[in-house]
Amino acid sequence: MTTTSDTGELSAVRRERNNVLRLAVCQALAGANSTVVYATGAVVGDMLAPNKALATMPISIFVVGMALCTLPAGAIAQRFGRRMAFMLGTGSGVLAGLLGALAVYYAQFWLFCAATFCGGVYAAVVLSFRFAAADCAVPARRPRALSAVMAGGVFAGVLGPQLVTHTMNLWAPHLFAATYVGQAAVAALSALVLAGVKLPMPSAAERSGGRPLAEIVRQPRFVLAVICGVVSYLLMNFLMTAAPLAMKFCGLSQESANLGLQWHVIAMYGPSFWTGKLITRFGAAKVVAAGLFLTGASSAVGLLGVDVAHFWATLILLGIGWNFGFVGASAMVLECHRPEEKARVQSFNDFAVFGTMAVGSFLSGGLLSGFGWDTVLWLSFAPLLVAIVALMAGRRTYPRVG
């Protein structure tokens with residue numbers, strides 16, 4: 001005999017699975033937005049920029065859009081619910097594609113920067129999908145729900161580069177114009193899927209916000225989570241931003257750069273099928289430490305050569321390292337707030353991550369143009385050392401770490 005309690009529990013599990021599945025699909029569709037920008041942004045920037053040193057500025061503006069959007073998106077989610085924030089984000093994604101196509105057609109560099117800014121706004125909202133999935137699950141299943149949504153990015157790793165490869169020459173002679181039209185269409189499709197996500201509206205307690213933010217962010221666990229998240233995303237973006245242009249400078253084809261980014265994005269999200277289980281078994285800090293090690297290994301491989309194999313190996317190791325580091329750091333964040341504090345704390349974490357990442361993105365283009373790919377790789381070891389020291393200090397001062 002099925003009781004009312006059993007029926008309610010079964011309904012909750014079905015709702016959780018539906019939400020996680022839809023969010024994973026949207027992660028796949030929306031992830032194509034970021035892949036298109038990273039695959040083409042520096043190349044289009046090099047074509048349109050008044051100064052070649054500004055070639056990677058569109059990608060840097062993309063990151064600025066991510067950073068500036070996180071806090072407002074968190075405020076909207078806290079006041080009106082996550083679904084409202086998600087729909088506004090996908091609208092920005094459609095706008096990004098349309099503006100990008102117009103910028104390429106009319107050869108307008110600053111309009112292209114505006115397009116990538118809108119794309120950054122979209123990307124920031126998309127990255128909050130992982131926290132929305134965790135909110136849907138009971139505490140014991142949260143790491144797996146979070147990593148399940150991130151796993152949707154595997155399909156973005158195929159969709160994005162293939163979208164670039166098959167559309168970049170469709171609107172000749174306007175290279176990549178059709179690509180951005182396609183990106184707008186994919187963002188619109190994502191909005192349709194998101195419409196079926198059923199998330200509760202914020203309660204009165206959640207609107208009140210809980211403890212002061214200053215008190216929450218001073219927690220040692222939260223500080224460690226932010227440092228690890230910042231370094232993992234900073235280095236991934238720092239190297240991935242420069243890699244396609246570095247491949248061009250080394251005489252390699254755009255198609256090889258597209259495939260390199262495809263494998264990189266698959267490596268970023270593929271481990272998510274297992275990352276949640278690894279966090280549950282070994283602890284978030286150990287998973288983060290493994291990610292930092294792999295990120296360092298990616299830079300070391302890049303220093304060994306500049307042929308296609310070395311670039312691809314660098315990007316694949318970098319992607320896996322990012323996954324372990326970023327997903328592990330995100331799991332740490334979930335331990336640092338109460339339910340009513342989640343929107344503010346999660347958006348502040350993302351603001352810190354993307355704001356710092358913007359600095360690395362701005363630096364990578366100038367460093368690549370002025371000093372070369374090897375210099376970019378050597379500099380990546382400095383923030384890596386900071387994160388490793390923070391993890392070691394955390395194990396001594398905060399027993400729960402690891």
Q: Take Asn169 and Leu175 through the test side-chain contact (heavy atoms from CB on, under 4.5 Å) and record every step on the way to the result.
A: CA-CA 6 Å; Asn169 294 311; Leu175 185 66; 3.3 Å; yes
Q. Taking it one step at a time, do Leu259 and Gln262 satisfy side-chain contact (heavy atoms from CB on, under 4.5 Å)?
A. CA-CA 5 Å; Leu259 281 173; Gln262 173 176 308; 4.1 Å; yes
Q.
With side-chain contact (heavy atoms from CB on, under 4.5 Å) as the criterion, how do Tyr122 and Ser34 come out once you've worked through the C-alpha distance, each side chain's angles and the decisive distance to 0.1 Å?
A. CA-CA 9 Å; Tyr122 183 30; Ser34 298; over 6 Å; no
(Q) Test side-chain contact (heavy atoms from CB on, under 4.5 Å) on Phe222 and Phe348; report intermediate values, then the result. (A) CA-CA 11 Å; Phe222 184 78; Phe348 179 85; 3.8 Å; yes
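Of all heavy-atom pairs spanning Leu384 and Leu292, the tightest one is CD1-O, 3.4 Å. For the pair Ala267 and Ile316, the tightest heavy-atom approach, listed with the atom from each and the gap, is CB-O, 3.3 Å. Residues Asn323 and Met268 share a closest heavy-atom pair of ND2-O, 2.6 Å. Pairing each heavy atom of Ser299 with each of Phe381, the nearest pair is CB-CZ, 3.6 Å. For the residue pair Ala103 and Leu48, the shortest heavy atom distance occurs at O-CD1, 4.1 Å. Of all heavy-atom pairs spanning Leu194 and Arg83, the tightest one is O-NE, 4.0 Å.
Residues Lys248 and Leu245 are in side-chain contact: their nearest non-hydrogen atoms beyond the backbone lie under 4.5 Å apart. You'll find the side chain of Val44 reaches within 4.5 Å of the side chain of Val104, heavy atoms only. A heavy-atom distance below 4.5 Å is found between the side chains of Met66 and Tyr233. Side chains of Ile216 and Arg344 form a contact here, defined as non-hydrogen atoms less than 4.5 Å apart. Counting heavy atoms from C-beta outward, Glu335 and Gln219 have side chains that stay 4.5 Å or more apart. Looking at Met332 and Val288, their side chains come closer than 4.5 Å, going by heavy atoms from C-beta outward. Contact annotation: the side chain of Met392 approaches that of Ile388 to within less than 4.5 Å [non-hydrogen atoms, C-beta and beyond]. Side-chain contact between Val164 and Thr40: present, with at least one pair of heavy atoms (C-beta onward) separated by less than 4.5 Å.
Side-chain atoms of Thr116 never come within 3.5 Å of backbone atoms of Ile61 as a donor-acceptor pair (strictly under, hydrogens ignored). In this structure, the side chain of Trp312 engages the main chain of Ser256 through a donor-acceptor pair within 3.5 Å.
The CG atom of Leu304 lies 10.0 Å from the CG atom of Leu377; values are rounded to the nearest 0.5 Å. Atoms CG and OG, on Leu318 and Ser232 in that order, are 10.0 Å from each other to the nearest 0.5 Å.
Between Tyr269 and Phe155, the distance from one ring center to the other does not fall under 6.0 angstrom. Taking the six-membered ring wherever Trp is involved, the centroid distance between the rings of Phe293 and Phe324 does not fall below 6.0 Å. Between Phe311 and Trp373, the ring centre distance stays below 6.0 Å.
Below 30°, between 30° and 60°, or above 60°: for Tyr105 and Trp171 the angle between ring planes is between 30° and 60°, a tilted geometry.
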